[in-house]
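These notes concern the structure reproduced below.
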Amino acid sequence: MLAAGTAYRCYCSPEELDRMREDQRARGEKPRYDGRWRPEPGKDLPEPPAGVAPAIRFRNPREGVVAWDDLVKGRIEIANGELDDLVIARGDGTPTYNFCVVVDDRDMGITHVIRGDDHVNNTPRQINILAALGARVPLYAHLSMILGDDGTKLSKRHGAVSVMQYDEDGYLPDAVINYLARLGWSHGDEEIFSRAQLVEWFDLDHITASAAQFNTEKLNWLNAHYLKHADDEVLGAEIVRRLGAQGVSTADGPPPARAAALCKDRVGNLNELADAVHAFYVVPHAAPELKAQHLTDGSLAALRDLRGRLAACDWTREALNKAIKETVAAAGVKMPQVAIPLRVVLLGQPQSPSIDAVLEVLGRDRVLGRLDAAL
RNA sequence: GUCCCUAUCGUCUAGAGGCCUAGGACAAUACCCUUUCACGGUAUGAACCGGGGUUCGAAUCCCCGUGGGGACGCCA
């Protein structure tokens, strides 16, 4: 490029360039290289200072416009007069980003450049360099940015910067992919689609041109949906992993997959799922207020009655349900008056999935053991 | 400051000049279901940023304004 005259050496020092930009800003101008080392016909260049390793600058055309038909934003035109001569190689000879990508795209025969909005301004420079190299110009598609929940730029404060954060927060990969894909792209009214459907449907024609705002509530909804339809074994493994991270072993409890099946359609994420099944693996301690409220003389009497029935009961959900209903009838109370104290005793909390299903999954030994400890 | 991009319910979006009395989803509200808490089901409210054009006809095309975003490095 030096030989062809499409690039030239620039001996400006960083301090000199800083001063140049400061002055320009002070005058309300767009900061840019002023071309003092750019060779022109009939122009006298300064004498190269001794001992300075020059940077190489691209000699950007001064006249005309650069234009391309962006696959997302349509035609974009930028006057060459707006572009300055960018450095393509540093004083130490290493190439800069805008030069690297151009050379790499050319060598690899890249046909489509799909990237963030923030690169729109680099595109005309890259097209000019490509032209100087005699290379074919690829197609460009510039995707708009994603803003945080509060409508401002995404940052560390929003917590959505690293994909690993989603894992930590209990999101399923399919939910994250589905949500992110739908944010800024659409396929009619489709809201829920598998990765295979995404691959089949995805196209550049239905990408939104404007910036989208991240909506955690909708992600949560999608995640809950994927959780309901997820494989029990996969969820079981997540329970083992997440409980294990808290130092809780699942070895002495019911199979994690069964616990997952019981709770997966009532939680929003994997951490909540782990919390929901926690009491299956660790003997719970109900809060004193809960005990005072629910473990009255009457309810404890009913539980004693139930304990007797359960001891002789087939351990199936149907039989367990029948036993509970018999206790309810015998005590002359309503279902919640037995079910809730039972939950407090077995799980340490007043809410749970259907109590008969909980008994079934918890298992006879653990149920009777916890009842005996409370009675 | 200069240049570039952008603008439909609170949010994500459908919408390619008449199919729009603007559709779907999240969220909200109400009701239903119910063995608690959830899940789920049904229904309701909610938008074309403003102003000018073009056209028989504009959410859709053009211009201006305003709002939002991005870029102005020997960073990537």
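A, B, ... follow the sequence lines: proteins, then strands. Residue 1 opens every chain.
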For [N], give the paired nucleotide (Watson-Crick: N1-N3 plus N6-O4 or O6-N4; G-U: N1-O2 and O6-N3; both under 3.5 Å), or none.
N: B:G1; result: B:C72
N: B:A28; result: B:U44
N: B:G18; result: B:C56

Please evaluate the base of [N] for a donor-acceptor partner in the side chain of [X] within a cut-off of under 3.5 Å?
X: A:E29; N: B:G1; result: no
X: A:D189; N: B:G23; result: yes
X: A:K218; N: B:C12; result: yes
X: A:N321; N: B:U35; result: yes

ask   = Distance under 6.0 Å and angle within 45° of the ring axis: does A:R57 meet both against A:Y33?
value =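 Here A:R57 passes the 6.0 Å and 45° test against A:Y33.
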message = Without decimals, in angstroms, what is the distance between A:L183 CG and B:U11 C1'?
response =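 Rounded to the whole Å, the gap is 10 Å.
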ask   = Can you check the A:D84 CG to B:C74 P distance for me, whole Å?
value =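 Rounded to whole Å, this separation is 8 Å.
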task = Verify the contact: side-chain N or O of A:S352 to OP1 or OP2 of B:U36, cut-off strictly under 4.0 Å; return yes or no.
result =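 No, no such contact exists.
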ask   = Would you say B:C74 has OP1 or OP2 under 4.0 Å from some side-chain N or O of A:R21?
value =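 For B:C74, OP1 or OP2 has a side-chain N or O of A:R21 closer than 4.0 Å.
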request  = Evaluate the ring planes of A:H225 and A:W221, with Trp represented by its six-membered ring, and classify them as parallel (under 30°), tilted (30 to 60°) or perpendicular (over 60°).
outcome  =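 Because their plane-to-plane angle lies in the 30° to 60° range, the rings of A:H225 and A:W221 count as tilted.
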With [atom1] as the reference atom in both, quote the distance from [N] to [M] in angstrom, rounded to an integer.
N: B:G57; M: B:G52; atom1: P; value: 15 Å
N: B:G17; M: B:C62; atom1: C1'; value: 14 Å
N: B:C48; M: B:G15; atom1: C1'; value: 10 Å

query = Is the glycosidic angle of B:C39 within 90° of 0, making it syn, or outside that range, making it anti?
reply =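 Because its glycosidic torsion lies within 90° of 0, B:C39 adopts the syn conformation.
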